[in-house]
Amino acid sequence: MGLQGPATAEWFERGKAALVNGVSSGYRYWGDDDTIVIDRGEGAHVYDMDGNRYIDYHLGFGPIILGHGHPGVAAAVAESAAAGTTFAMTTAREIEAAEAFRGAVPWVDGLRFTNTGTEATMHAIRLARAHTGRELVVKFEGAYHGAHDYVLFSVSGSPVGSLGSRRSPVPFQDSSGIPEVIRSLIRIVPFNDLEAMGQLFRREGHRIAALIVEPVLGNFFGLMPDDGYLDGLRRICDEYGSVLIFDEVKTGFRMGLGGAAAHFGVVPDLATYAKSMGNGFPVAAIAGRSEIIQDWADGGVMQAGTYSGNGIGVAAAKATLDILSTGEPYVDVERTGTALMRGVEGILADEGVPGHIVGHWSMFGISFSDESPHEYRDYANHDEELYEEVIGGMIGRGVLPVDDAREPWFISSAHSPEDVAVTLEAFRDALRDAKG
Ligand SMILES: Cc1ncc(COP(=O)(O)O)c(C=O)c1O
């Protein structure tokens with residue numbers, strides 16, 4: 001694409017000299033000419049080092065529900081920073097943030113804070129193993145639960161051709177350096193197929209500690225579960241005494257205050273939260289039912305972290321949750337998301353390009369395919385090249401979704417009707433260019 005202006009290119013050269021590939025997280029490296037260096041964000045917009053402005057649907061992979069640099073959140077964080085942030089002792093701010101969380105997600109009996117989604121899912125899996133005395137973990141093809149060894153199999157980004165047969169999926173290991181024994185503890189299932197899940201549990205249910213699921217596949221177009229699917233997972237876990245973990249790192253506080261559990265009316269045993277809980281500040285949580293999280297209190301199950309519950313994270317969470325609890329941001333997010341979804345759909349129809357809008361108004365994807373995707377393997381039907389070309393054209397016009405369609409467009413309450421109009425025009429023009 002060639003996305004770097006002269007100042008951005010210069011900064012990226014400095015970045016490469018200082019950081020491996022110029023990034024602090026592997027997913028951020030877009031190639032030597034296309035990795036953008038950001039100067040700042042304001043509301044729904046980000047600016048690169050050349051002063052180019054982008055309407056941002058990347059939103060840092062989802063957290064920025066209220067817009068970049070939200071003044072209320074920034075003020076709470078500044079106040080907390082000035083008061084000192086790390087004591088390795090509980091603070092009043094931490095308790096207030098936990099109370100705000102409990103008010104927003106009423107099914108939860110208790111929680112603890114961590115800093116990242118990766119830590120949260122790691123701890124949830126440990127709790128589930130301790131609670132059940134079992135070792136196997138079930139996850140879905142195309143689901144991402146963080147960068148730790150236990151879950152880095154068949155994630156979004158895994159080649160569809162490497163997943164084995166649908167009847168007996170092969171865990172595709174997404175990184176070197178994972179011990180072979182870990183691979184033997186994971187079971188992989190296609191999403192939206194209760195029969196496949198039932199078969200697995202009939203075979204091995206008595207060994208399954210946990211079924212971890214993104215209730216909406218937030219790393220695959222924002223694909224929604226079929227009606228009743230999550231209830232079916234709940235029933236299967238109940239039948240076999242396995243722990244149902246909702247990974248709400250992307251859906252939590254984004255699909256609505258109560259996340260996917262409230263949206264679908266299905267209560268998990270444990271759930272993990274991060275991203276929209278802190279509007280971009282590093283704060284995460286593991287929450288759940290008392291009989292499972294009680295294992296922390298009784299001792300024997302380890303959860304610890306120097307920065308867990310630190311002043312910055314919990315101040316950001318308290319401020320963000322207070323604002324989200326008014327309900328007002330969701331009205332804006334729904335208005336913007338719905339307008340974009342309908343607008344893109346209309347343009348695809350006008351231009352005669354086969355495509356489907358997938359997901360929820362707070363995070364949705366666009367599949368360039370004849371049929372709407374129903375599970376991760378359907379990615380094979382998506383026209384990847386066309387999508388990349390269209391998004392490349394949009395970025396050139398100052399609109400920034402991620403150019404991998406599996407990563408949804410994220411919406412913030414700061415996006416304006418004008419942003420929507422500019423975005424749809426850019427989408428139409430870029431699609432026309434790509435069609436030739
Ligand atoms: C559903 C889900 N779970 C867990 C994670 C890991 O979170 P983090 O990057 O904060 O470690 C992610 C990150 O994108 C995610 O999308």
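Whatever order the structure lists them in is the order used to number ligands and atoms, beginning at 1. If you're wondering where the values come from, they're calculated on a predicted model, not measured in any experiment.
Looking only at distances, a side-chain donor or acceptor of Gln4 sits under 3.5 Å from a matching main-chain atom of Thr35. The closest donor-acceptor contact from the side chain of Arg112 to the backbone of Trp296 lies at 3.5 Å or more, if one exists at all. Between the Arg40 side chain and the Val46 main chain, no donor and acceptor come within less than 3.5 Å of each other.
Summarising the geometry, atom OG belonging to Ser413 is positioned 9.5 Å from atom OH belonging to Tyr330; distances are rounded to the nearest 0.5 Å.
Aromatic rings from Phe61 and Tyr144 are positioned such that their centres are separated by 6.0 Å or more.
Within 4.0 Å of ligand 1, the residues that place a heavy atom are Thr116, Gly117, Thr118, Tyr144, His145, Gly146, Glu214, Asn219, Asp247, Val249, Lys250, Lys275, listed by chain and number.
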Throw together a table of side-chain donor-acceptor distances under 3.5 angstrom for residues 246-266, partners on residues two or more places apart or in other chains.
unit_1: Asp247; atom_1: OD1; unit_2: Val249; atom_2: N; d: 3.0
unit_1: Asp247; atom_1: OD1; unit_2: Thr272; atom_2: OG1; d: 3.1
unit_1: Asp247; atom_1: OD2; unit_2: His145; atom_2: ND1; d: 2.7
unit_1: Glu248; atom_1: OE1; unit_2: Thr251; atom_2: OG1; d: 2.7
unit_1: Glu248; atom_1: OE1; unit_2: Ala260; atom_2: N; d: 2.7
unit_1: Glu248; atom_1: OE2; unit_2: Ala260; atom_2: N; d: 3.3
unit_1: Glu248; atom_1: OE2; unit_2: Ala261; atom_2: N; d: 3.0
unit_1: Lys250; atom_1: NZ; unit_2: Gly218; atom_2: O; d: 3.0
unit_1: Lys250; atom_1: NZ; unit_2: Asn219; atom_2: OD1; d: 2.8
unit_1: Lys250; atom_1: NZ; unit_2: Glu407; atom_2: OE1; d: 3.3
unit_1: Lys250; atom_1: NZ; unit_2: Glu407; atom_2: OE2; d: 2.7
unit_1: Arg254; atom_1: NE; unit_2: Gly62; atom_2: O; d: 3.2
unit_1: Arg254; atom_1: NH1; unit_2: Ser362; atom_2: O; d: 2.7
unit_1: Arg254; atom_1: NH1; unit_2: Ile411; atom_2: O; d: 2.8
unit_1: Arg254; atom_1: NH2; unit_2: Gly62; atom_2: O; d: 2.7
unit_1: Arg254; atom_1: NH2; unit_2: Ile411; atom_2: O; d: 3.4

